[in-house]
Amino acid sequence: MSKIKITLKDGSVREYEKGTTVLDITKDISQGLARNALAAKLNGRKVDLGTPVNEDSALEILTFDDEEGKTVYRHSTAHIMAQAVKNLFPETRFGIGPAIADGYYYDFDVPENFKPDDLARIEAEIDKILKQDYPFERFEVSREEALQMFEEAGEKYKVEIIRDLPEDAVISCYRQGDFVDLCAGPHVPTTGKIKAVKLMSLAGAYWRGNEKNKMLQRIYGTAFPKKTLLDEYIYRLEEAKKRDHRKLGAELDLFSMQDEGPGFPFFHPKGMILRNELENYWRQEHKRWGYQEIRTPVILNRGLWEQSGHWDNYKENMYFTQIDDVDFAVKPMNCPGSILIYKSKLHSYRDLPIRLAELGLVHRHELSGALHGLMRVRCFTQDDAHIFMLPSQITEEIVGVMELIDKFYKVFGFEYHVELSTKPEKAMGSDEIWDMATDALKKAIETKGIDYKINEGDGAFYGPKIDFHLTDCIGRTWQCGTIQLDFQMPEKFDLTYVGEDGQKHRPVMIHRVVFGSIERFIGILIEHFAGAFPVWLAPVQVKILTVTDRGRNFSREIRSTLDEQGIRAEVDERNEKIGYKIREAQLEKVPYMLVIGDREVENKTVAVRKRGEGDKGTLALPEFIKNVKEEIRLKK
RNA sequence: GCCGAUGUAGCUCAGUGGUAGAGCAACGCACUCGUAAUGCGUAGGUCGUGAGUUCAAAUCUCAUCAUCGGCUCCA
């Protein structure tokens with residue numbers, strides 16, 4: 001018998017007889033590993049555990065700790081769910097069933113839509129299949145065999161997938177029990193490997209994600225190798241739900257949505273404080289970075305939007321009105337307004353770059369089903385700016401914007417990554433100009449030495465863009481900042497500057513936002529901080545709590561002193577026990593509480609209690625004020 | 001816009017054909033209290049809206065609006 005050499009992930013080399021399977025090898029290496037092994041990579045290719053090893057190989061065992069192992073595990077569970085659905089609803093036709101971030105889904109074409117109760121039935125059927133411990137068996141078929149097999153079964157979606165496979169594709173199927181599915185694999189060895197399964201939700205989803213296609217029924221689920229891991233996951237979901245900005249927004253009285261204005265948020269007094277703090281900081285920083293603030297009208301005539309190209313590209317998402325029989329549109333973007341200001345006078349090359357910043361309220365008619373709290377609205381404020389510059393200033397300006405964005409995100413403790421989006425199908429301008437603009441963005445990112453991902457075809461219709469995706473404290477990412485380079489608008493609006501040579505030249509434009517949408521950014525901040533904002537943003541920074549009504553006058557004095565010092569404070573002088581007032585202030589997530597009893601009144605001091613840290617001892621008022629002011633200063 | 005679900009008091013929810021309920025919050029009274037809920041009492045809803053079925057509708061049917069979970073979209 002000839003031996004073959006296997007290089008393991010840790011670099012060690014072992015010898016096995018030809019034909020030994022991956023599963024045997026994992027058993028040989030370690031019993032623990034064999035139990036946890038879900039999939040393997042052989043010479044870099046993912047394979048089933050049953051795959052025999054027939055050549056000198058590099059073998060990597062994947063467990064549930066690997067993303068790839070998880071994918072195999074969840075994808076196998078998707079097959080099992082499909083089998084369960086087939087058992088219960090034999091008329092079902094099958095779409096696709098991939099693993100996703102925290103689980104998997106499978107799309108089904110069923111004669112009658114699932115009802116929520118069906119999920120429990122399907123779960124019970126899945127449990128039966130797990131107990132049967134069917135092996136996952138792989139077999140390869142020719143294209144003709146595959147087509148014949150799935151056509152006979154009436155699996156029109158599978159047939160469509162097979163037809164779309166490349167000519168030379170190896171077509172494989174997996175069978176567990178009497179259920180067969182088209183699949184590239186790999187899978188776990190047997191259905192019994194899957195331990196803790198939960199079906200999460202039911203939704204409609206278009207076949208192949210195209211709204212022109214039939215809407216299938218999608219079931220989302222997840223699976224873990226242990227019940228405790230599943231429980232932890234469900235706990236994490238519940239924790240995330242607790243920070244939902246819609247729930248906290250109502251509880252903290254920051255904003256509301258009303259039936260009378262779907263997608264148009266109402267900001268309450270406390271929400272406005274938060275918002276104004278953000279805007280004040282924004283103004284302060286933009287002034288420092290050489291921006292000039294402007295404001296342009298919300299309604300502008302149709303001709304302007306035809307000229308900008310928005311009419312052609314986005315009129316179905318715009319709001320319109322008529323004034324004196326003339327068509328007007330509510331602005332979906334701020335750039336045309338900014339451009340009109342640029343055009344209002346002649347510019348010398350010496351004036352450039354000109355950075356015009358605008359907190360611009362825009363309206364976009366989003367589909368009703370897409371609305372989501374502050375995250376997806378129909379009117380929002382972009383912290384927009386347009387930079388008009390010489391072609392030679394492009395890289396420097398983009399780098400400047402990147403530095404500004406970096407500074408902003410760090411203030412809130414956000415990590416971020418950047419992505420570069422290139423020319424979309426629906427684009428204006430020549431390939432040559434697009435290449436030039438895309439190269440300019442690449443050059444700027446590379447100047448900053450940042451890693452980036454490229455999204456082909458994801459750019460704006462007028463130019464390529466850099467997007468900034470920030471990561472919040474529970475690991476979710478949000479696209480916020482964007483820098484878009486634009487050679488088209490200057491052309492369409494005939495923008496010019498007078499050069500050194502006395503001739504008119506074409507400037508280049510940058511569109512950029514830092515927060516993106518103020519409303520959405522507030523939503524992200526609410527979830528990021530779980531409503532417990534840093535002192536500088538907290539709507540109420542200090543709550544003064546009286547122990548008895550003998551503390552009332554001193555508390556009011558403290559409040560007015562804090563007010564004079566620019567610190568936002570409220571007095572709770574109700575006839576309630578101190579414990580009750582503390583509990584309420586804590587639930588309101590106020591950063592500081594000052595407890596005022598007889599001792600404090602007598603000594604003219606304050607007993608400080610800090611959110612999350614408890615009792616911080618007794619201080620003289622001026623000292624407390626100094627500390628709070630320092631904390632506010634440092635956070636910015 | 002599409003698929004599914006939901007809509008009852010300020011909030012969280014119970015109420016499956018016979019004149020609407022609880023807890024918390026609010027308000028009143030008592031208690032003047034030292035670091036996460038003092039006690040007692042009072043008030044509060046044309047059950048999202050509009051039609052229909054029925055002797056009778058929160059409850060059944062239809063339409064409509066809004067919200068929630070997805071899909072699609074996000075200049």
Side-chain angles (χ1 to χ4, degrees), chain A residues 105 107 110 113-119 200-220 241 244 246-247 250-251 253 256-263 305 308-318 332-335 362 364-373 375-378 380 382 421 424 426-428 458-463 465 479 482 484 486 488-489 511 516-517 520 545-552 574-587 593-600 607-611 614-616 618:
Chain A
Y105 66 79
D107 286 344
V110 273
N113 283 346
F114 292 124
K115 289 179 286 296
D117 296 345
D118 292 335
L119 291 188
M200 306 301 291
S201 63
L202 195 55
Y206 300 109
W207 167 237
R208 299 204 147 174
N210 186 333
E211 63 183 322
K212 293 193 175 69
N213 290 341
K214 180 166 185 185
M215 182 162 268
L216 307 180
Q217 290 274 299
R218 174 173 297 179
I219 299 178
Y220 285 92
K241 223 173 174 178
D244 189 312
R246 292 167 299 187
K247 183 173 145 67
E251 280 173 13
D253 200 14
S256 61
M257 305 302 293
Q258 310 283 343
D259 284 4
E260 290 78 359
W305 303 108
S308 70
H310 290 100
W311 185 276
D312 282 345
N313 283 300
Y314 293 101
K315 60 175 173 296
E316 63 281 7
N317 287 326
M318 290 168 68
M333 289 197 94
N334 302 303
C335 28
V362 298
R364 298 176 181 182
H365 185 88
E366 302 293 353
L367 293 178
S368 58
L371 302 178
H372 181 98
M375 301 303 190
R376 194 71 187 275
V377 289
R378 283 176 172 162
F380 58 97
Q382 287 183 307
S421 298
K426 202 161 69 169
M428 300 189 312
D458 236 10
F461 71 85
Y462 45 74
K465 59 178 183 172
Q479 196 236 297
T482 167
Q484 308 180 348
D486 180 2
Q488 312 299 332
M489 293 291 158
H511 309 243
S517 140
R520 183 162 169 277
L545 313 176
T546 57
V547 178
T548 71
D549 51 17
R550 291 188 298 280
R552 183 176 296 171
R574 291 173 302 169
N575 265 343
E576 294 291 350
K577 287 204 162 34
I578 189 65
Y580 181 83
K581 295 185 188 182
I582 287 171
R583 180 184 149 80
E584 282 213 340
Q586 194 79 30
L587 292 174
M593 289 174 230
L594 300 179
V595 176
I596 306 301
D598 290 341
R599 287 200 297 274
E600 287 73 25
V608 182
R609 192 186 154 98
K610 191 169 184 181
R611 180 185 62 202
D615 200 339
K616 302 293 277 184
T618 302

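The structure presented is a predicted model; accordingly, all values stated were derived computationally and were not measured. Within every chain, numbering begins at 1; the chains are lettered A, B, ... in the order of the sequence lines, protein sequences first and strands thereafter.
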Inset, instruction - Classify the nucleic acid contact of Glu211(A) as base, sugar-phosphate or nothing, counting any heavy atom under 4.0 Å across all strands shown. - result: sugar-phosphate

Legend entry - Out of C71(B), U38(B), A75(B), whichever nucleotide has its closest atom nearest the side chain of Glu576(A): U38(B)

Inset, instruction - With heavy atoms under 4.0 Å as the rule, sort Ala460(A) into base, sugar-phosphate or nothing. - result: sugar-phosphate

Inset, instruction - Provide, to the nearest angstrom, the distance between the CG atom belonging to Asn210(A) and the P atom belonging to G70(B). - result: 21 Å

Inset, instruction - Determine the interatomic distance between C1' on G17(B) and the same-named atom on U53(B); round to the nearest Å. - result: 12 Å

Legend entry - Distance between P atoms of C13(B) and U32(B) (Å, rounded): 39 Å

Legend entry - Rounded distance in Å between the C1' positions of C74(B) and U54(B): 49 Å

Inset, instruction - Please state the P separation for the pair C11(B) and A25(B) - nearest whole angstrom. - result: 15 Å

Legend entry - G-U wobble or Watson-Crick pairing nucleotide for U46(B) (cut-off 3.5 Å, both distances): none

Inset, instruction - Remember a base hit wins even if backbone is also touched, and classify Ala607(A) as base, sugar-phosphate or nothing at under 4.0 Å, heavy atoms. - result: base

Legend entry - Residue-phosphate contact under 4.0 Å: Tyr220(A) side-chain N/O, C71(B) OP1/OP2: yes

Legend entry - Candidates A75(B), U35(B), U72(B) - which lies nearest the side chain of Val595(A): U35(B)

Legend entry - Minimum-distance nucleotide (side-chain atoms of Asp598(A) versus G34(B), U72(B), U67(B)): G34(B)

Legend entry - Separation of the P atoms in A9(B) and C33(B), to the nearest angstrom: 40 Å

Inset, instruction - Provide the distance between the two C1' atoms, one in U42(B) and one in U16(B), to the nearest whole Å. - result: 33 Å

Legend entry - Out of A36(B), U67(B), C33(B), whichever nucleotide has its closest atom nearest the side chain of Pro262(A): U67(B)

Legend entry - Among A36(B), U35(B), U38(B), the nucleotide that comes nearest once only the side chain of Asp615(A) is considered: U35(B)

Inset, instruction - Choose from U35(B), A66(B), A75(B) the nucleotide whose nearest atom is closest to any side-chain atom of Asp259(A). - result: A66(B)

Inset, instruction - Mind checking Arg364(A) for me? I need base, sugar-phosphate or nothing, with any heavy atom below 4.0 Å counting as a touch. - result: base

Inset, instruction - Would you mind classifying the nucleic acid contact of Arg376(A) as base, sugar-phosphate or nothing, using non-hydrogen atoms under 4.0 angstrom? - result: base

Inset, instruction - Scan Gly597(A) against the nucleic acid and name what it touches under 4.0 Å (heavy atoms): base, sugar-phosphate only, or nothing. - result: base

Legend entry - Distance between P atoms of G45(B) and U67(B) (Å, rounded): 26 Å

Inset, instruction - Report the distance from atom CD of Glu260(A) to atom C1' of U49(B), rounded to the nearest whole Å. - result: 12 Å

Legend entry - Any Asn313(A) side-chain nitrogen or oxygen under 4.0 Å from OP1 or OP2 of A75(B): no

Legend entry - Nearest to side-chain heavy atoms of Arg583(A), which nucleotide of U35(B), A36(B), A75(B): A36(B)

Legend entry - Validation row: Ile578(A), Leu545(A) side chains within 4.5 angstrom (heavy atoms): yes

Inset, instruction - Please confirm whether any donor atom in the side chain of Tyr206(A) sits under 3.5 Å from an acceptor in the base of G70(B), or the reverse. - result: no

Legend entry - Touch class at under 4.0 angstrom, heavy-atom based, for Tyr462(A) against every strand present: sugar-phosphate

Legend entry - Shortest side-chain distance from Gln217(A), nucleotide among C73(B), C68(B), C3(B): C3(B)

Inset, instruction - Give a yes/no answer on whether the side chain of Arg550(A) brings an N or O atom under 4.0 Å of OP1 or OP2 in C33(B). - result: yes

Legend entry - Pair of N/O donor and acceptor under 3.5 Å linking G1(B) base with Glu316(A) side chain: no

Inset, instruction - Please state the C1' separation for the pair A5(B) and A26(B) - nearest whole angstrom. - result: 32 Å

Inset, instruction - Remember a base hit wins even if backbone is also touched, and classify Ile578(A) as base, sugar-phosphate or nothing at under 4.0 Å, heavy atoms. - result: sugar-phosphate

Inset, instruction - If the plane angle is over 60° it's perpendicular, under 30° parallel, otherwise tilted; pick one for His310(A) and Phe461(A). - result: perpendicular

Inset, instruction - Would you indicate what Glu600(A) reaches in the nucleic acid, counting non-hydrogen atoms under 4.0 angstrom: base, sugar-phosphate, or nothing? - result: base

Legend entry - Which nucleotide in G1(B), G34(B), C3(B) has an atom nearest any side-chain atom of Arg599(A): G34(B)

Legend entry - Any His372(A) side-chain N or O less than 4.0 Å from OP1/OP2 of G69(B): yes

Inset, instruction - Kindly write out the residues that satisfy ring pair (Phe, Tyr, Trp, His ring centres under 6.0 Å) with His365(A), not counting sequence neighbours, or none if the list is empty. - result: Tyr319(A)

Inset, instruction - State which of A5(B), A37(B), C33(B) makes the closest approach to the side chain of Thr548(A). - result: C33(B)

Inset, instruction - Describe the nucleic acid contact of Arg609(A) in one word from base, sugar-phosphate, nothing, applying a heavy-atom distance below 4.0 Å. - result: base

Inset, instruction - For Pro424(A), report the nucleic acid contact type (base, sugar-phosphate, nothing); a contact means any heavy atom under 4.0 Å. - result: nothing

Legend entry - Donor-acceptor under 3.5 Å (Glu600(A) side chain, Gly597(A) main chain): yes

Inset, instruction - With a 3.5 angstrom cut-off on both distances, give the Watson-Crick or G-U wobble partner of G4(B), or none if there isn't one. - result: C68(B)

